[in-house]
K.L.:
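Pasting a structure here, questions to come.
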Amino acid sequence: MRAVLLSDAHVDGLDDPVQDRLVAFLEALEADRLVLVGDTFHRWWALPGVFPAYVPTVDALRRLVRRGVKVDLLLGNHDFAFRADLAAAIGIGVHQELALELDGLRVLACHGDQALGSRRYRSYHRVLRGRPFDLALRVMGPAAAWALLGRLAGSPEKEGRCPERLLETQRRYAQARLAEGYDLVVMGHSHVPEHSAWPGGAYVNTGSFRDPGSWLAIDDGRILLEAGS
Ligand SMILES: [Mn+2]
């Protein structure tokens, strides 16, 4: 059994070279399972259909499903609005977090922003996840919504890497979740690839598919973090 997990591609449009790189990666993928560990899309919104800018990636996911790969998408802080009905139409699962068993290895995967964020950041996110903001985007329509979300999200190239104290917060969160009986906790969000093995279990941060190009394979129970360059 081979599973591939990646996060933080932050794909942001038809002219974003990372979208071409992700589509090529998915085309070439040899795996039984793919888990997208959040922030696959830099500015997702659940308007009817799919933003035209994301059609190549969504089509690549459809082709993977047709090839028999089981695909799951975990919600990140940029693409938390990805809806279950669209996921069902594509043939993928969508989750806040996902527990999976791979060759006896009990794995928990989540984007990892759960562990982080100041009070101000959290209240900002409550506004973004609220009904009034959703209604405003629907009234605007896709083109204006795309532009507004772009201003709010900023440039994907400027996605910062977490400072050390936030990496430490993620490690503590991983340890707490390992104590629930998992062997491995996988997160993204920090954009910093990491593989820590502790007596209580392992923690992998998938880093960022965008930069440095890192991703994780779990191959017959072996944990292989491709750290990118
Ligand atoms: Mn994130």
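None of these values were measured; they are calculated from a predicted model. As the structure lists them, so they are numbered: ligands from 1, and atoms in each ligand from 1.
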K.L.:
Aromatic ring centroids of Trp45 and Phe80 under 6.0 Å?
P.N.:
yes
K.L.:
If you draw a 6.0 Å radius around CD in Glu30, do more than 12 non-hydrogen atoms from other residues or ligands fall strictly inside?
P.N.:
no
K.L.:
I'd like to know if the side chain of Arg21 and the backbone of Phe209 have a donor-acceptor N/O pair within less than 3.5 Å.
P.N.:
yes
K.L.:
Check for me whether Arg177 meets the cation-pi criterion with Tyr182, that is, NZ or CZ under 6.0 Å from the six-membered ring centre and within 45 degrees of the ring axis.
P.N.:
no
K.L.:
What protein N/O/S atoms lie closer than 2.8 Å to the Mn ion (ligand 1)?
P.N.:
Asp39 OD2, Asn77 OD1, His111 NE2, His189 ND1
K.L.:
Could you measure the distance from the OG atom of Ser7 to the NE2 atom of His111? Nearest 0.5 Å is fine.
P.N.:
6.5 Å
K.L.:
Establish, from distance only, whether the side-chain atoms of Asp113 and His189 form a donor-acceptor pair under 3.5 Å.
P.N.:
no
